[in-house]
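Below is one structure; the comments refer to it alone.
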Amino acid sequence: MPPIDLWLLVYPGFLLLDASGPAQVFSSANDEARAAGLPEPYRIHMLSADGGPVVSSAGVTLLTAPLPSPSALAGATLIVSGGRGLECGASPALAPELVGWVRQAAAHAGRCCSVCTGAFVLARAGLLDGRRAVTHWLDAAALQAQHPAITVQDDAIYIRDGALYTSAGIAAGMDLALALVEEDRGRAAGLAVAKRLVVFFKRPGGQRQFSSELLAQAAPQGWHGQLTAWLRPRLAQQLDVEQMAAALATSVRTLHRRLRQEAGMSPAQLLLRLRMEAACALLERPGMTVKRAARQSGFGSEYNLRRAFAAQLGVAPSDYQSRFG
């Protein structure tokens, strides 16, 4: 097969690993191919609006080429890195000219991808409307609020929706790149690259870089903190939103609104997150069975726990237990 052109878009203040991480994955795929006596499968290009040196948020400078005609990306893969200020609209990456180029290039590209807050660029270009997407967990609520037509999933490592790919915070760009290598070259090639880089081929679990308990501790008197404190000792019970609202002496409507404002989630989503964290903690204990973990965390049955793990973490409870138990 002819090599695939990879165009990695950066801009002043971009996150270094958002660009260098995927670039290294594809470069290592080339190394693996050469070692096997095969042609290199990828051509890697670093791009910016005007070309030349571009300074990352870490102070490291990359030398880039200027933007080509959008039609030059026909059949290629475009990857937009994340960076400072994207979540609040204060980034050169959101300049109308650059967003317009991304929109046009995506129409020609075989795949259009983002790493971390690069999703805000794809969203501003209108590419994610009506689709599922992910970004860094800290910025998921902002992406959802600014672009309500997107279904933001805050606990995925990466998401593919048609020819659009988004990935979670920073290092998740490497997870996405490995998935693209597997898509292009097969499982054996992707696994070989992961071994070379000494990283997970498929990282277990989701984007669990934070916990509801820590968020609750940050504002113990807030709605999130109060509801978390009330829910935690009752996770094994049958609970509904009416009971939660009564416990906080408020209406269901007010509880929904305040929790959305404060934590970016509904009461039911908070309960699910707390039960997931409890189940994970139980499965990490020596001698714990999946059945007991399901019952003690409030899922009731192994079937319910397996469904929750598949939807939230993308792994089976037994796989999680074998990795972390």
Side chain [X], main chain [Y], donor-acceptor under 3.5 Å:
X: D18; Y: G82; answer: yes
X: R124; Y: G126; answer: no
X: E87; Y: L138; answer: no
X: T64; Y: G52; answer: yes
X: Q269; Y: S266; answer: yes
X: R111; Y: T77; answer: no
X: R34; Y: P39; answer: no
X: Q243; Y: D240; answer: yes
X: D161; Y: L164; answer: no
X: T135; Y: C116; answer: yes

Does any part of the side chain of [Y], heavy atoms only, come nearer than 4.5 Å to the side chain of [X], both counted from C-beta?
X: W223; Y: Q261; result: no
X: V54; Y: P12; result: yes
X: L178; Y: V199; result: yes
X: W7; Y: I79; result: no
X: L270; Y: H224; result: yes
X: S81; Y: L15; result: no
X: V134; Y: V152; result: no
X: L248; Y: L255; result: yes

Heavy-atom closest pair, residues [X] and [Y]:
X: F299; Y: A279; answer: CE1-CB, 4.2 Å
X: N30; Y: P41; answer: OD1-CD, 2.9 Å
X: M276; Y: A308; answer: SD-CB, 3.8 Å
X: L73; Y: P68; answer: CD1-CG, 3.7 Å
X: V193; Y: S28; answer: CG1-CB, 3.9 Å
X: P233; Y: A229; answer: CD-O, 3.2 Å

Worksheet item: Between the side chains of D5 and Y42, does any donor sit under 3.5 Å from an acceptor?
Response: no
Fill in: Ionic contact status for E32 with R185, cut-off 4.0 Å
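Between E32 and R185 there is no salt bridge, as every charged N stays at least 4.0 Å from the carboxylate O atoms.
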Is there a continuous path of hydrophobic side-chain contacts, each under 4.5 Å between heavy atoms, that joins [X] to [Y]?
X: V10; Y: V55; answer: no
X: L98; Y: L94; answer: yes
X: L197; Y: V115; answer: yes
X: L259; Y: W230; answer: yes
X: L17; Y: V60; answer: no

Surrounding [atom1] of [X] (heavy atoms of other residues, nucleotides or ligands, distance under 6.0 Å), is the total greater than 12?
X: Q238; atom1: CD; result: no
X: R84; atom1: CZ; result: no
X: R307; atom1: CZ; result: no

Item to complete: For R306, check salt bridge (Lys or Arg N to Asp or Glu O under 4.0 Å) against everything at least two apart and list the hits.
Response: E302
Any chance you could measure [X], atom [atom1], to [Y], atom [atom2], to the nearest 0.5 Å?
X: L283; Y: R285; atom1: CG; atom2: CZ; value: 10.0 Å
X: L122; Y: I150; atom1: CG; atom2: CD1; value: 8.5 Å
X: S251; Y: H256; atom1: OG; atom2: NE2; value: 9.5 Å
X: L282; Y: S297; atom1: CG; atom2: OG; value: 6.0 Å
X: S57; Y: L16; atom1: OG; atom2: CG; value: 7.5 Å
X: M265; Y: L271; atom1: CE; atom2: CG; value: 11.5 Å

Worksheet item: Looking at residues at least two apart in the chain, or sitting in another chain, which of them share a ring pair (Phe, Tyr, Trp, His ring centres under 6.0 Å) with H147?
Response: none
Practice prompt. Step by step, work out the side chain to side chain contact (heavy atoms under 4.5 Å, CB included) result for L231 and Q237.
Written response: CA-CA 9 Å; L231 286 172; Q237 302 176 18; over 6 Å; no
Discussion item. Applying side chain to side chain contact (heavy atoms under 4.5 Å, CB included) to L6 and H45, what does each step give before you reach the verdict?
Written reply: CA-CA 6 Å; L6 296 159; H45 315 268; 5.7 Å; no
Item to complete: Please report the C-alpha distance between R43 and F26 in whole Å, then the side-chain angles of each, then the deciding distance to 0.1 Å, and finally whether the side chain to side chain contact (heavy atoms under 4.5 Å, CB included) criterion is met.
Response: CA-CA 9 Å; R43 288 190 295 247; F26 297 119; over 6 Å; no
Item to complete: Please test T117 against S91 for side chain to side chain contact (heavy atoms under 4.5 Å, CB included), starting from the C-alpha separation and ending with a verdict.
Response: CA-CA 11 Å; T117 52; S91 169; over 6 Å; no
